[in-house]
Amino acid sequence: MLRLFATVANGLEDVAASEIERITGRSVAIGVGKVFFCGDEETIFKVNMLSRTVNRVMILLHHDRLDDISLDKIYSAAKLLNYRGIIDPNQSFAVRARRVGTHNFTSVDVASQVGQAIIDSYLKERGYRLRVNLDNPDIEFIAIVRNDEFILGLNTTGESLHKRHYRVYNHPAALNTTIASAMIMISGWRPDESMLDPMCGGGTIPIEAALTARTVPPGYFRMKDFAFLKFRFINLKAFDEVVSRTISAMNHEYSPIYGMDENGRYLEGAIMNAESAGVRDTISFMLGDATRLRNHLDFSPRYVVTNPPYGIRMRKGRMEPFYRGFLESLKEVAEGSTLTLITALRKKFLRAAEAAEISIVEKREVLHGEIRTTIFKCII
Ligand SMILES: C[S@@+](CC[C@H](N)C(=O)[O-])C[C@H]1O[C@@H](n2cnc3c(N)ncnc32)[C@H](O)[C@@H]1O
């Protein structure tokens, strides 16, 4: 049994924990931007292949709180570990570090201390000096210092899972795919219900919904691109079995999913992305104005999941009337539906919702990259 953790956008830890519990059947503990669980090799393969909400899956090598945390203490903790079962002498490695809190050292210092500790430990244990390769390492360690907490993990994923590899068109304000999937889960939508994203941009939300409806695992698009494929200590036969089980469970039923945008160029990009993801025939894309929905819809969507502009490209003063116009237009066509929406303009959205007499049933703060956003769930 291995101790594992997965990284997730801050604010979505509970959503990721529930998803991993569903995937693995094991209980999951919640941290900040991380969730912790236990499992074997198959758990690593399954979470990497199937999770729609996590960014990376790590083997937890060390987790401790260090009084008066310092680079020396970090070095000592990392040097005590045994790396002989993890890296072969001819494999290269890198350490990536993240640091949160007030310290008299930087994340670069942490990476370099942990790297030195790994080299020194391996030299002592096996008599080999390991090679560092920062650009294309065989093995990647993640060192996280959060206040007095020190975590050392082994990256089993490689590049973050939010990079789904189906995206051939990049919208200038594209939503992170793992956040889009978490919003779909928060919304409560089930694939036999209708769903609309009326401001779909490059199509992330409808595409993630369509992949969910057709039970296409997100890992399907990167099956040859997981860090664990370079691990010499893992039996990859179980991975082949996970892949064939998940592929044979794929469902080709269609669900009523709709994507709309007022910008034809973005819509063309969304169609290219949907084609690349193999779900073009599951989504109806339409050109239209989200503040005039009744001009475009001949049905009443049960679920609306959307990522409207944050006002970075639009003048901020126009955003509150815009949100209000959208909510009032939605009320005309889909009274009683559930709206799940992400915005960086929390106060403006709250005022617009109050003016449009929309009740908010859930709100949570989520870090979208560097942007502090709120996901609202409302009954229209
Ligand atoms: C933040 S972006 C959505 C990005 C999208 N979630 C993605 O991942 O690519 C907001 C989108 O809203 C669209 N938009 C703005 N005003 C609109 C309106 N009145 N009706 C429909 N779409 C609108 C913009 O064209 C833009 O594509």
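Order of listing sets the numbers, starting from 1, for every ligand and every atom in it. All values derive from a computational prediction rather than experimental measurement.
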Does ligand 1 have a heavy atom under 4.0 Å from the side chain of Met199, from its backbone, from both, or from neither?
both

Side-chain heavy atoms under 4.5 Å apart, restricted to Ile/Leu/Val/Met/Phe/Trp/Tyr: what other residues fall into the cluster of Met58, or is it alone?
Phe5, Phe36, Leu60, Ile142, Ile144, Ile151

Does the separation of the ring centres of Phe45 and Phe239 fall below 6.0 angstrom?
yes

Tyr220, OH atom: more than 12 neighbouring heavy atoms under 6.0 Å:
no

Under 4.0 Å to a heavy atom of Ala173 - the qualifying atoms of ligand 1, by number
1 (C), 4 (C)

Residue Pro198 vicinity, atoms of ligand 1 by number, heavy atom under 4.0 Å
21 (C), 22 (N)

Should Val279 and Tyr166 count as side-chain neighbours, where that means a heavy-atom distance under 4.5 Å?
no

Which one of His171, Arg164, Arg167 satisfies the side chain to side chain donor-acceptor pair (under 3.5 Å) criterion with Thr204?
Arg167

For ligand 1, is Ala180 a contact, meaning one of its heavy atoms is under 4.0 Å away?
no

Taking non-hydrogen atoms only, is Ala270 closer than 4.0 angstrom to ligand 1 via side chain, backbone, both or neither?
neither

Touching ligand 1 at all, Phe326? Heavy atoms, strictly under 4.0 Å?
no

May I ask you to decide whether Asp138 forms a salt bridge with Lys230, counting only side-chain N to carboxylate O separations under 4.0 Å?
yes

State, yes or no, whether a side-chain contact exists between Trp189 and Val305 at a heavy-atom distance under 4.5 Å.
no

Quick one: which ligand 1 atoms are inside 4.0 Å of a heavy atom on Gly288?
20 (N), 21 (C)

Below the 3.5 angstrom mark, is there an N/O of Gly202, backbone or side chain, next to an N/O of ligand 1?
yes

Counting from 1 in the order shown, the ligand 1 atoms closer than 4.0 Å to a non-hydrogen atom of Ala290 are 18 (C), 19 (N), 20 (N), 21 (C)

Looking at Arg245, I want to see if its CZ is surrounded by more than 12 non-hydrogen atoms of other residues, nucleotides or ligands under 6.0 Å.
yes

Considering Asn263, Asp261, Ile179, which one's heavy-atom position lies nearest to atom 25 (O) of ligand 1?
Asp261

Which of the numbered atoms in ligand 1 are below 4.0 angstrom from a heavy atom of Asn307?
1 (C), 2 (S), 3 (C), 4 (C), 5 (C), 6 (N), 10 (C)

Atoms of ligand 1, numbered as shown, that sit under 4.0 Å from any heavy atom of Tyr266:
25 (O), 27 (O)

Pick whichever of Thr204, Asn176, Asn170 has a heavy atom sitting closest to atom 7 (C) of ligand 1.
Thr204

Using the rule ring-ring contact (aromatic ring centres under 6.0 Å, His included), only one of Tyr310, Tyr323, Phe326 pairs with Phe349; which is it?
Tyr323

Under a 4.0 Å N-O cut-off, is there an ion pair linking Glu328 with Arg324?
yes

Here the atoms of ligand 1 under 4.0 Å from any heavy atom belonging to Asp289 are 18 (C), 19 (N), 20 (N)

Would you check the N or O atoms of Leu175, main chain and side chain alike, for any that come under 3.5 Å of an N or O of ligand 1?
yes

